[in-house]
Amino acid sequence: MSCSKDLSDFAAFGAETVYLNGRKAYNIPLHLVQFTEEGMRTIGRGILDISEHYGLPYSRLKELMRSSLYLVPPNPGLFFLFQIPELDADVHVNLPQKFWRFNYVQSRIPCSASTTHTPSNTASIRLHA
């Protein structure tokens, strides 16, 4: 992944400034990302594991994750960064670049990812309660 311009355009998407390991995280609207089928399974398994381990409803976790997708340069992956108030816990889930790609390139997308994914092995995900 190479970043061609400042990521400040993405600062408007998040309501607050978020950092991961001291690096600023940029909120990415979920509709700009397409996940591979394996990526969707990985996300689903992660939600299910957290749900079962901590006794939280699956739908509650999906609600918390809905607007929590972030890019944290220079890491090429995406992260779900969210808080679980019921557990007083901060959660970060790394989604490696092989599991996603941007849906389309438009002037506001600061980074482009080289990928070999084809439409036949990708699918959209919607995290709705």
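Bear in mind that the values here come from a model prediction, so they are computed numbers and not experimental data.
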Task: Separation between CG of L78 and CH2 of W100, rounded to the nearest 0.5 Å - done: 4.0 Å

Open item on the list: Which heavy atom of M65 sits nearest to which heavy atom of I43, and what is that distance?
Closed with: CE-CG2, 4.2 Å

Open item on the list: For a quick test of reading the model, state the closest non-hydrogen atom pair linking G77 to N75 and the distance between them.
Closed with: N-OD1, 2.7 Å

Open item on the list: Using side chain to side chain contact (heavy atoms under 4.5 Å, CB included), reason through F79 and L20 one step at a time and then give a plain yes or no.
Closed with: CA-CA 9 Å; F79 291 86; L20 178 64; 3.6 Å; yes

TODO: Flag the pair S51 / K62 as yes when at least one side-chain heavy-atom distance between them is below 4.5 Å, and no otherwise.
DONE: no

Task: 4.5 Å side-chain heavy-atom contact, L64 and P85 - done: yes

- [ ] Mind checking the CZ-CG spacing from F82 to D90? Nearest 0.5 Å is all I need.
- [x] 10.0 Å

- [ ] For residues N103 and Q34, report the shortest heavy-atom separation together with the two atoms involved.
- [x] OD1-CB, 2.9 Å

Open item on the list: Do F35 and L95 make a side-chain contact, defined as non-hydrogen atoms from C-beta onward lying under 4.5 Å apart?
Closed with: yes

TODO: Any chance you could lay out the side chain to side chain contact (heavy atoms under 4.5 Å, CB included) test for I84 and Y54, step after step, and finish with the verdict?
DONE: CA-CA 11 Å; I84 302 176; Y54 293 104; 5.8 Å; no

Open item on the list: For the CD atom of E63 and the CG atom of L56, what is their distance to the nearest 0.5 Å?
Closed with: 11.5 Å

- [ ] Identify whether the distance between the nearest side-chain nitrogen and carboxylate oxygen of E52 and R45 falls below 4.0 Å.
- [x] no

TODO: Using a 4.5 Å cut-off on heavy atoms from C-beta on, say whether the side chain of Y58 contacts that of I47.
DONE: yes

TODO: Taking the side chain as every heavy atom from C-beta outward, state whether L81 and N27 have any atom pair closer than 4.5 Å.
DONE: no

Task: Note: R41-E38 ion pair, threshold 4.0 Å (strictly below) - done: yes

Open item on the list: Quick one, L61 and V91 - any side-chain contact, counting heavy atoms below 4.5 Å?
Closed with: no

Open item on the list: Please report the interatomic distance CG(L71) to CD1(I28), rounded to the nearest 0.5 Å.
Closed with: 5.0 Å

Open item on the list: Assigning hydrophobic clusters by single linkage (Ile, Leu, Val, Met, Phe, Trp, Tyr; side-chain heavy-atom cutoff under 4.5 Å), is L87 placed with I50?
Closed with: yes

- [ ] Report the C-alpha distance between V72 and H92 in whole Å, list the side-chain angles of each, state the deciding distance to 0.1 Å, and finish with yes or no for side chain to side chain contact (heavy atoms under 4.5 Å, CB included).
- [x] CA-CA 11 Å; V72 186; H92 72 274; over 6 Å; no

Open item on the list: Go through it in stages, so that I can follow the logic: the residues are T17 and K24, the test is side chain to side chain contact (heavy atoms under 4.5 Å, CB included), and I'd like the CA-CA distance, side-chain angles, deciding distance and then a yes or no.
Closed with: CA-CA 7 Å; T17 303; K24 188 170 181 179; 4.0 Å; yes

